[in-house]
Amino acid sequence: GENVEQHPSTLSVQEGDSAVIKCTYSDSASNYFPWYKQELGKRPQLIIDIRSNVGEKKDQRIAVTLNKTAKHFSLHITETQPEDSAVYFCAASKSSLTVIFGTGTLLAVQP
Amino acid sequence: IAGITQAPTSQILAAGRRMTLRCTQDMRHNAMYWYRQDLGLGLRLIHYSNTAGTTGKGEVPDGYSVSRANTDDFPLTLASAVPSQTSVYFCASSDVGQPNYGYTFGSGTRLTVV
C-alpha cells in the first residue's frame, strides 16, 4: 500500500521568512496530493491540493510543487505570519478512494 | 446540521466496554472515512466507505467495525475497547468524482480507554 513520509517533524521560522515542508510517497499510481492545516484543538482543513498532471500550484502565499519522477511533493509558505502556526499534513491518494497522510509537521512562526 | 457532526465530543471508557462513535453528514457526499490521530503518527485510516452499502478496511482496522446503511451516517464501533484505542477519532467525507476531492472533517471525538 501507499506510504507517505513527511519532513521535518517540527519547523520554527521567523515571521516573514519562508517555510518548506517536504513529502515523499511510494505508490507511483497516486495522483492526488492534498495538504491539510490543523490548528491546535481543531479539525484538519484542506488548504491546497495538486493533481499528478500539474507540476506546481499557487494560492496567495502558499504553493505546492510535485515531482512525479522522484515521487516527492512540497509545500511552500512565503511571508509567514503567526497565524500560519499549526500542524501541516501532506497526503497522497489514488483518485481519492482513500487518502494516506504523512505524520505531520509542527510549524511555529516566531513573531 | 452543517457539514459533519461527530458525537460524543469526548468519552472516558472502561476497557472491555463496547462503544459506538457517531458521524453524520448533510452534504450528500458519497464517501466517508474514519481516521485516528495519535501524536507522532499523524492521521491513520481505520475504515472507509465509498458509497452507501459498501465499506473497506484502511491501515489500522483491527478492533473496529463500521456500517453504512445510508448516505449520511457512518458509525464506528469498538466491540471491546482496549487502552491502545485511546486516541482522537476524526470522521471525514468527500465527494468522489467531483473536481475537488478534498475531505471535510468532523470536529473529532477524544476517546480515553482506561
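Throughout, a chain's letter reflects where its sequence line sits, starting with A, and its residues are numbered from 1. Please read all numbers here as calculations on a predicted model, not as lab measurements.
A:V20 and A:F89 sit in two unconnected hydrophobic clusters of ILVMFWY residues. Membership requires side-chain heavy atoms under 4.5 Å apart, directly or through other members. Residues A:V87 and A:L46 share a hydrophobic cluster, clusters being chains of Ile/Leu/Val/Met/Phe/Trp/Tyr side chains in contact below 4.5 Å. Note: the hydrophobic cluster containing B:L21 also contains B:L13 (ILVMFWY, side chain heavy atoms under 4.5 Å, direct or indirect links). Hydrophobic clustering keeps B:V60 apart from B:V88 (ILVMFWY residues linked when any side-chain heavy atoms are closer than 4.5 Å, directly or through intermediates). Note on A:F73: it clusters hydrophobically with A:I47, by side-chain heavy-atom contacts below 4.5 Å among ILVMFWY residues.
When every heavy atom of A:R43 is checked against every heavy atom of B:S107, the shortest pair comes out as NH2-CB, 3.4 Å. Taking all atoms of both residues into account, the shortest heavy-atom contact from B:Y103 to A:Y36 is N-OH, 2.8 Å.
Rounded to the nearest 0.5 angstrom, B:Y35 OH and A:I100 CD1 are separated by 6.0 Å.
Chosen from A:K42, A:Q38, A:Q45, the residue pairing most often with chain B at heavy-atom distances under 4.5 Å is A:Q38.
With a 4.5 Å cut-off on side-chain heavy atoms, B:F90 and A:P44 count as touching.
Note on residues 35-63 of chain B: pairs passing salt bridge (Lys or Arg N to Asp or Glu O under 4.0 Å), not counting sequence neighbours, are B:R36-B:D38, B:D38-B:R44.
Of the two parts of B:L45, only the side chain, counted from C-beta on, holds a non-hydrogen atom closer than 4.5 Å to a non-hydrogen atom of chain A.
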Review point. Is there a side chain to side chain contact (heavy atoms under 4.5 Å, CB included) between A:V99 and B:Y33 once you walk through the steps?
Key: CA-CA 9 Å; A:V99 173; B:Y33 316 85; 5.9 Å; no

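Counting non-hydrogen atoms of other residues, nucleotides and ligands closer than 6.0 Å to CZ of A:R61 gives a total above 12. Heavy-atom neighbours of A:Q60 CD from other residues, nucleotides or ligands within 6.0 Å: at or below the threshold of 12.
Scanning residues 101-111 of chain A against chain B with a 4.5 Å heavy-atom cutoff picks out A:F101, A:G102, A:T103, ordered by number.
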